[in-house]
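Below is one structure; the comments refer to it alone.
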Amino acid sequence: MKLFHYLFSLLTLLFLFQAKEGVSISPLQLITHPLDPLTKQEITLVQATVLKKYPTPPNHVFFHYVGLDDPDKTHVLKWASSGTKTPPQRSAFVVAIVNNSQIHELIINIKSSNVVSYKIHLDPGFPTLTLEEQSLAISLPLKYGPDVESINKRGLNLSEVVCSCFTVGWYGEAKSTRALRLECFSKNGTANIYVRPISGINILADLDTMKIVEYHDNVVEPVPKAENTEYRASHLKPPFSPRLHSFASHQPEGPGFTIKGHSISWANWKFHIGYDVRAGVIISTASIYDPEVHKSRQVLYRGYISELFVPYQDPGEEWYYKTFFDAGEFGFGQSMVSLEPLHDCPPQAQFLDVYFAASDGSPQHLENAICVFEQYGGISWRHTESGIPNEQIREVRSDVSLIVRSVVTVGNYDNVIDWEFKPSGSIKPSISLSGILEIKAVDITHTDQIKDDQHGTLVSEHSIGVYHDHYYIYHLDFDIDGVDNSFVKTNFKTVQVTDYNSSKRKSYWTTSSEVAKTESDAKTKLGFSPSEIVIVNPNKKTSTGNEVGYRLVPNAASHPLLREDDYPQRRGAFTNYNVWVTPYNKTEKWAGGLFVDQSHGDDTLAVWTKQNRGIENKDIVLWYVVGIHHVPCQEDFPIMPLLSTGFELRPTNFFERNPVLKTLSPDIVKWPGCGKP
Ligand SMILES: *[C@@H]1O[C@H](CO)[C@@H](O)[C@H](O)[C@H]1NC(C)=O
Ligand SMILES: *[C@@H]1O[C@H](CO)[C@@H](O)[C@H](O)[C@H]1NC(C)=O
Ligand SMILES: *[C@@H]1O[C@H](CO)[C@@H](O)[C@H](O)[C@H]1NC(C)=O
Ligand SMILES: *[C@@H]1O[C@H](CO)[C@@H](O)[C@H](O)[C@H]1NC(C)=O
Ligand SMILES: *[C@@H]1O[C@H](CO)[C@@H](O)[C@H](O)[C@H]1NC(C)=O
Ligand SMILES: [Cu+2]
């Protein structure tokens with residue numbers, strides 16, 4: 001009896017504890033920040049609201065985009081500064097295709113479940129593909145008589161063929177319908193399908209009718225062999241390379257960051273991790289604590305990858321169309337994959353899940369989509385002083401970084417997307433590419449046999465790794481100590497000394513700064529002459545009179561090599577400059593346009609900036625293009641080791657002095673069984 005009573009109390013306590021937990025923190029359900037991504041429940045509500053307007057049947061409704069409609073920035077900032085708990089009203093933006101052809105844009109008030117506004121999109125360009133239509137399309141060739149024949153004719157086994165879909169691009173057609181190109185591969189003897197294309201077959205599928213509408217079988221090059229294409233450890237034969245020694249990461253005090261809902265606090269940083277089915281991870285309302293003024297100061301209102309443009313450089317019939325826009329066409333967020341604990345992220349990482357809407361509007365769950373972790377960050381600063389007699393001075397501070405990581409896998413390529421934060425105030429976004437090259441099958445086995453331009457590198461027998469680019473464009477909405485900011489370009493110039501009485505030197509360099517007044521002034525091609533790119537708040541100065549700011553430390557710049565009037569380049573015209581600045585405008589989110597599939601390039605950053613709007617002492621957005629011209633090499637085959645690039649956003653006269661002067665190195669972990677500290 002007594003035992004029973006005791007058990008009962010324990011259960012009651014547990015129940016109460018759980019109930020309390022449910023009310024206070026339930027990260028996936030409760031909105032704690034106005035920029036939180038749509039929850040599972042909200043996606044369901046949005047689905048119901050749209051289907052109430054267009055009931056099925058008689059309508060056919062497919063959801064191509066469901067996401068948070070950005071709350072007004074002024075409301076978000078007011079919410080953030082007032083400390084109130086209830087976030088502003090939430091709305092969803094939806095792009096749905098009704099009855100297989102009408103593209104509807106809807107705004108839905110989530111609380112009242114009302115369609116607030118809607119319009120039909122009639123201009124060129126189609127919405128992001130759904131995962132479902134892609135999977136339907138890739139099953140078409142295997143059921144299509146002529147294709148079955150083509151496969152048999154090549155002596156291949158139909159059950160060992162898989163197909164993949166590719167967006168078709170735009171090449172000057174006045175009108176077009178939604179379509180995909182299909183290409184098939186052999187999986188006989190390898191999981192590495194992309195290096196085994198079945199060439200010579202051109203297949204076009206119409207997406208509205210979900211039927212093959214064009215089919216040609218022409219040239220036949222051999223399917224490259226399966227040998228030496230495997231990458232799965234379980235399918236590789238010994239001997240393996242020397243074993244790497246183990247590492248341990250251990251945080252006896254636990255992680256140094258806390259995640260509440262989607263808001264992170266760590267060291268001197270506070271920021272929010274959002275998610276969008278098109279953009280993937282979105283970093284917002286990042287602010288840093290300034291010990292001099294005892295408060296947090298705004299840095300970045302929002303940062304995300306707005307588009308990724310990947311044009312291949314083979315103009316032939318089977319390749320010319322391969323000019324992909326991975327965010328707008330395939331959805332960067334939709335293409336995120338679950339991270340593998342312990343390998344994609346270290347043992348001490350914490351994970352966030354995400355939800356997005358499937359094509360029927362129902363919420364889909366992606367587990368472990370984002371991870372957050374700390375890692376050894378190298379040296380923060382150091383000095384050895386040997387100039388003072390009889391004194392030994394050596395001061396070294398070791399650093400810790402915080403990383404927010406996600407992986408976007410669009411077909412063959414994997415993009416590891418990191419946002420690294422530093423206690424010094426730096427933010428270091430980076431991208432690392434891995435995955436598999438797209439291979440063109442050819443009839444040669446040695447470079448001696450090359451006659452024409454092969455548009456790539458012979459990376460293995462019968463296998464050309466085709467030249468291509470990866471251009472990522474970041475949307476970086478800085479709010480340095482407030483929304484009104486300016487863009488300052490500092491050029492370096494050589495000065496000749498003319499008065500030899502005053503100096504023995506003949507020359508020196510100095511700087512001259514220009515504040516960009518309009519969008520045209522800000523357009524910058526980097527790498528041709530040295531310059532510094534800084535966003536400042538002209539209304540706020542340090543005690544010595546410098547404008548507070550953040551600098552863009554770019555990587556090696558890359559510039560487009562296509563003609564500006566070439567169709568893919570018109571659509572990807574946001575790569576014409578490395579740096580652009582626009583006045584903040586809620587609707588200007590996607591550098592390649594809102595409707596990118598088969599777009600004509602009339603809604604790009606390059607078009608918006610023709611308005612040449614004023615950008616001085618205004619709420620401005622910096623756009624930065626990170627590009628890689630990829631000349632494949634044999635080491636990229638059969639799978640590519642990580643290729644990384646990145647840049648730094650670094651405080652510049654933002655703080656009065658080194659902000660980590662008084663940041664001590666983390667304590668040394670006393671590891672059991674290890675003698676030395
Ligand atoms: C879709 O087609 C159905 C059946 O023809 C029709 O009843 C419905 O009104 C159409 N929906 C729209 C939005 O036009
Ligand atoms: C599949 O691969 C095996 C071994 O690599 C080969 O013997 C066989 O002929 C292949 N089958 C087809 C249909 O290509
Ligand atoms: C085709 O492949 C399937 C599955 O690998 C196998 O069961 C079948 O025997 C193959 N057919 C021929 C004709 O090789
Ligand atoms: C430099 O000094 C010499 C000798 O003192 C003088 O003659 C000359 O005028 C000076 N030049 C200038 C540019 O001041
Ligand atoms: C916002 O951008 C769109 C597209 O460029 C433009 O049509 C609209 O006028 C802009 N709004 C403001 C307030 O500038
Ligand atoms: Cu590449």
Side-chain angles (χ1 to χ4, degrees), residues 46-66 92-108 113-123 126-127 130 133 138-139 141-164 177-178 183-201 206-210 217 220-232 234-237 357 359-361 436 439 441-443 445 460-463 595 637-638:
V46 169
Q47 178 195 32
T49 309
V50 173
L51 295 183
K52 200 167 70 193
K53 185 169 170 67
Y54 306 119
T56 51
N59 296 282
H60 291 275
V61 180
F62 294 100
F63 292 78
H64 286 255
Y65 176 85
V66 175
F93 178 59
V94 175
V95 177
I97 296 189
V98 181
N99 290 352
N100 298 328
S101 55
Q102 298 170 22
I103 301 167
H104 293 240
E105 294 175 54
L106 304 100
I107 297 196
I108 286 156
S113 301
N114 276 327
V115 176
V116 180
S117 74
Y118 88 98
K119 69 174 183 213
I120 295 184
H121 167 77
L122 296 171
D123 293 333
F126 297 118
T130 67
E133 66 189 351
I138 62 175
S139 70
L142 304 179
K143 295 178 293 195
Y144 185 70
D147 191 59
V148 174
E149 219 169 276
S150 298
I151 287 168
N152 289 336
K153 197 172 79 188
R154 285 166 171 76
L156 301 166
N157 183 338
L158 194 65
S159 63
E160 283 162 349
V161 171
V162 289
C163 304
S164 185
T177 50
R178 297 181 64 240
E183 197 180 332
C184 301
F185 305 88
S186 169
K187 69 177 174 72
N188 183 25
T190 182
N192 199 340
I193 54 172
Y194 298 106
V195 301
R196 304 203 65 209
I198 302 169
S199 60
I201 306 174
D206 182 294
L207 287 178
D208 294 335
T209 57
M210 203 43 88
D217 185 354
V220 181
E221 302 294 355
V223 175
K225 63 182 168 46
E227 283 75 47
N228 300 322
T229 63
E230 258 302 344
Y231 51 86
R232 290 172 295 179
S234 56
H235 288 66
L236 294 173
K237 288 192 199 83
S359 73
D360 66 355
I436 296 158
I439 292 294
V442 286
D443 200 13
T445 55
S460 178
E461 288 179 16
H462 304 298
S463 308
F595 294 97
F637 185 92

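Small disclaimer: the values here were computed from a predicted structure and weren't measured. Order of appearance sets the numbers: ligands from 1, and atoms from 1 within every ligand. Reckoned from all heavy atoms, side chains included, excluding hydrogens, waters and symmetry mates. In this chain, numbering begins with 1 at the start of the sequence shown.
The protein non-hydrogen atom at the shortest distance from atom 9 (O) of ligand 3 is Asn157 ND2, 4.7 Å. Protein heavy atom closest to atom 5 (O) of ligand 3, with residue, atom name and distance, is Glu160 OE2, 3.2 Å. When hydrogens are left out, the protein atom nearest atom 7 (O) of ligand 1 is Pro58 CG, 3.6 Å; that is the closest non-hydrogen contact. Nearest non-hydrogen protein atom to atom 1 (C) of ligand 2 is Asn188 ND2, 1.4 Å. Nearest protein heavy-atom contact of atom 4 (C) of ligand 3 is Ser159 OG, 3.5 Å.
Put simply, the side chain of Asp206 gets close to the backbone of Asp208: a donor and an acceptor are under 3.5 Å apart. Side chain of Arg178 to main chain of Pro127: no donor-acceptor pair is present (N/O by atom type, distance under 3.5 Å, no hydrogens or angles). In this structure, His462 contributes its side chain and Val442 its backbone to a donor-acceptor pair below 3.5 Å. Checked by atom type and distance alone, the side chain of Asn192 pairs as donor or acceptor with a backbone atom of Pro638 at under 3.5 Å. Between the side chain of His121 and the main chain of Asp123, a donor-acceptor pair closer than 3.5 Å is present.
Aromatic ring orientation, Tyr54 versus Tyr118: perpendicular (interplanar angle above 60°, classes split at 30° and 60°).
Close approach of ligand 1 to Asn59 (heavy-atom distance below 4.0 Å) involves ligand atoms 1 (C), 8 (C), 10 (C), 11 (N), 12 (C), 13 (C). Listed by number with element, the atoms of ligand 2 under 4.0 Å from a non-hydrogen atom of Gly155 are 13 (C).
Nearest-heavy-atom check against atom 6 (C) of ligand 1 across Ile120, Asn99, Val98 picks out Asn99.
Between the side chains of Asp217 and Ser150, at least one donor N or O sits under 3.5 Å from an acceptor N or O.
Remark: atom 14 (O) of ligand 3 lies closer than 4.0 Å to at least one protein heavy atom. In this structure, atom 11 (N) of ligand 2 is in close contact with the protein, since a protein heavy atom lies within 4.0 Å of it.
Not a single heavy atom of His60 sits less than 4.0 Å from an atom of ligand 1.
The closest side-chain heavy-atom distance from His64 to Phe595 is not below 4.5 Å.
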